[in-house]
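Since the structure comes first, as structure tokens, the remarks are kept for the end.
Throughout, protein chains are lettered first and strands after them, A, B, ... in sequence-line order, and every chain is numbered starting at 1.
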2 protein chains.
Amino acid sequence: MLVEQAITSADKLFLQLRNDIVEGVIPAGQKLSENELSTTYQVSRAVIREGINRLESCHLVERRANVGARVVALSATGLVELYDVRESLEGMAARLAARHMSDDEIDELFALLTEHHSTAKDGETYYQEAGDVDFHYRIVLGSKNQQLIQFLVNGIYHLVRMYRVQLGMAGPRVSTAYDEHLQIVKAISNRDEELAEMLMRRHILYSRNNIQTKLSD
Amino acid sequence: MLVEQAITSADKLFLQLRNDIVEGVIPAGQKLSENELSTTYQVSRAVIREGINRLESCHLVERRANVGARVVALSATGLVELYDVRESLEGMAARLAARHMSDDEIDELFALLTEHHSTAKDGETYYQEAGDVDFHYRIVLGSKNQQLIQFLVNGIYHLVRMYRVQLGMAGPRVSTAYDEHLQIVKAISNRDEELAEMLMRRHILYSRNNIQTKLSD
DNA sequence: CAACACTTAATTGTCGACAATTTAACCTAG
DNA sequence: CTAGGTTAAATTGTCGACAATTAAGTGTTG
């Protein structure tokens with residue numbers, strides 16, 4: 001789906017670290033010792049530093065000069081802030097997708113939805129995980145806005161996923177989400193930019209409220 | 001206004017490089033040779049690489065493995081994409097500012113506008129440059145959303161400024177922009193999130209159209 | 001016993017050298 | 001003269017060591 005091939009060893013390390021952080025193998029808030037990582041992953045500190053720099057670009061770690069890097073801490077306010085940004089950017093993505101997606105791409109999007117809807121009947125977890133992600137990715141890519149794609153795909157989505165994984169969000173909202181997705185695609189199909197943006201924003205707002213209630217448990 | 005102090009030599013180099021790129025001292029699209037920069041700025045290549053990494057985080061340079069880094073190229077489509085993202089994010093910032101700014105902060109914002117309006121009477125350039133930037137900064141900071149602040153202040157704004165500087169945008173739109181700013185602050189003062197977002201989005205849309213016409217000269 | 005200063009250990013920042021890869025220049029073959 | 005391949009130069013990637021800074025520990029003094 002999204003080919004992200006590693007060329008240098010810094011690439012490989014970055015991808016592994018990012019995954020370990022998102023999945024919680026390296027817990028949120030933990031200090032990242034360069035020496036420790038260097039021996040753990042069997043690469044020089046230069047590679048480690050390069051990797052940490054890139055993680056900082058993704059907002060997954062925070063660095064302070066002469067002190068070091070820590071994995072970001074997850075908090076309720078952090079989640080709210082993240083979803084506000086996401087609502088804004090993905091709303092714009094939906095608007096631009098309605099403007100720029102080809103008819104073929106829209107057809108594929110319809111096909112994707114029905115496919116996911118049918119498979120969700122059996123094991124409902126699949127849709128929530130991969131299906132939802134896939135849907136949002138296609139909209140974002142459909143915007144054809146490189147800047148927007150960068151921000152969301154290489155930045156925000158990993159943080160969103162980190163919240164989802166570490167707060168244990170696999171929950172329901174499957175059937176209702178499907179309907180919301182369908183309405184969004186219809187709006188895009190009708191080239192109704194205004195509606196597409198509005199529906200996407202509400203969809204994310206609902207999603208956020210859903211997570212927030214779980215957070216206060 | 002915004003204290004961005006450099007601690008390490010990599011910090012200093014980063015700030016200088018960023019400035020040189022935005023101001024066009026290092027022209028858009030140019031290759032950044034590590035050796036060359038290393039001798040020019042009298043620091044080791046490690047520092048140069050660190051600086052380039054951070055510039056990449058700002059989307060001011062693009063890197064390819066085993067090939068090197070180049071300053072981003074300025075294009076019409078790039079500008080449009082940038083402004084779409086900016087419209088989206090700053091619209092959200094205005095909405096959140098209407099929700100989170102204190103009454104005192106709003107008062108200061110009003111004061112800032114009238115002050116800038118009076119000084120603009122004489123030398124009109126001042127308002128467009130510093131005043132406009134200052135206004136937008138305050139709104140963004142008023143959102144109290146760290147994620148949003150990061151994206152805009154440390155990312156997009158430098159690119160926007162790069163476009164402005166290198167395409168020679170000092171132009172008019174002063175008086176009309178003032179009125180638009182005033183309306184936005186009024187909406188924020190009334191805690192009307194919906195209107196504040198809408199007005200900010202239109203304000204940026206106008207600004208973009210204004211620049212776009214100049215671009216096609 | 002608390003607070004401050006000093007010393008020491010650990011961590012990050014910076015450097016120069018070597019390895020791996022890419023780019024170019026050149027040469028050869030068709 | 002062009003196309004392809006080979007070698008050489010230049011550039012980026014990686015490494016280990018040293019310098020600078022921070023954090024921890026220790027002791028001293030009020």
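At a threshold of 4.0 angstrom between heavy atoms, the contacts of A:L32 are confined to the sugar-phosphate backbone, with no base atom among them.
Using a 4.0 Å cut-off between charged side-chain N and carboxylate O, A:K144 and A:E105 make a salt bridge. The existence of a salt bridge linking A:E56 and A:R70 is excluded, since no basic side-chain nitrogen approaches an acidic carboxylate oxygen closer than 4.0 Å. Here B:E50 pairs with A:R63 in a salt bridge; the nearest charged N to carboxylate O distance falls below 4.0 Å.
Side-chain proximity of A:R45 to C:dC15, D:dT14, D:dA17: nearest is D:dA17. Of the candidates C:dT14, D:dT22, C:dA17, the closest approach to any side-chain atom of A:N66 belongs to D:dT22. Of the candidate nucleotides D:dG13, C:dT22, C:dG13, D:dG13 has the atom lying nearest to any side-chain atom of B:R49. Among the nucleotides D:dT12, D:dC15, C:dC15, the one closest to the side chain of B:V47 is C:dC15. When the nucleotides D:dG16, C:dT23, C:dC15 are ranked by their closest atom to the side chain of A:S44, D:dG16 comes out on top. The side chain of A:A10 lies closest to D:dT14 when the candidates are C:dT22, D:dT14, C:dG13.
A donor atom on one side chain and an acceptor atom on the other are not found under 3.5 Å apart for B:Q150 and A:H59.
DNA chain D is contacted by both A:V67 and B:E34; B:E34 maps to the nucleotide lying nearer its 5′ end (nearest heavy atom per residue). When the nearest nucleotides of DNA chain D are assigned to A:R64 and A:E50 by heavy-atom distance, the more 5′-ward of the two goes with A:E50.
An OP1 or OP2 oxygen of D:dA23 is reached within less than 4.0 angstrom by no side-chain nitrogen or oxygen of A:K31.
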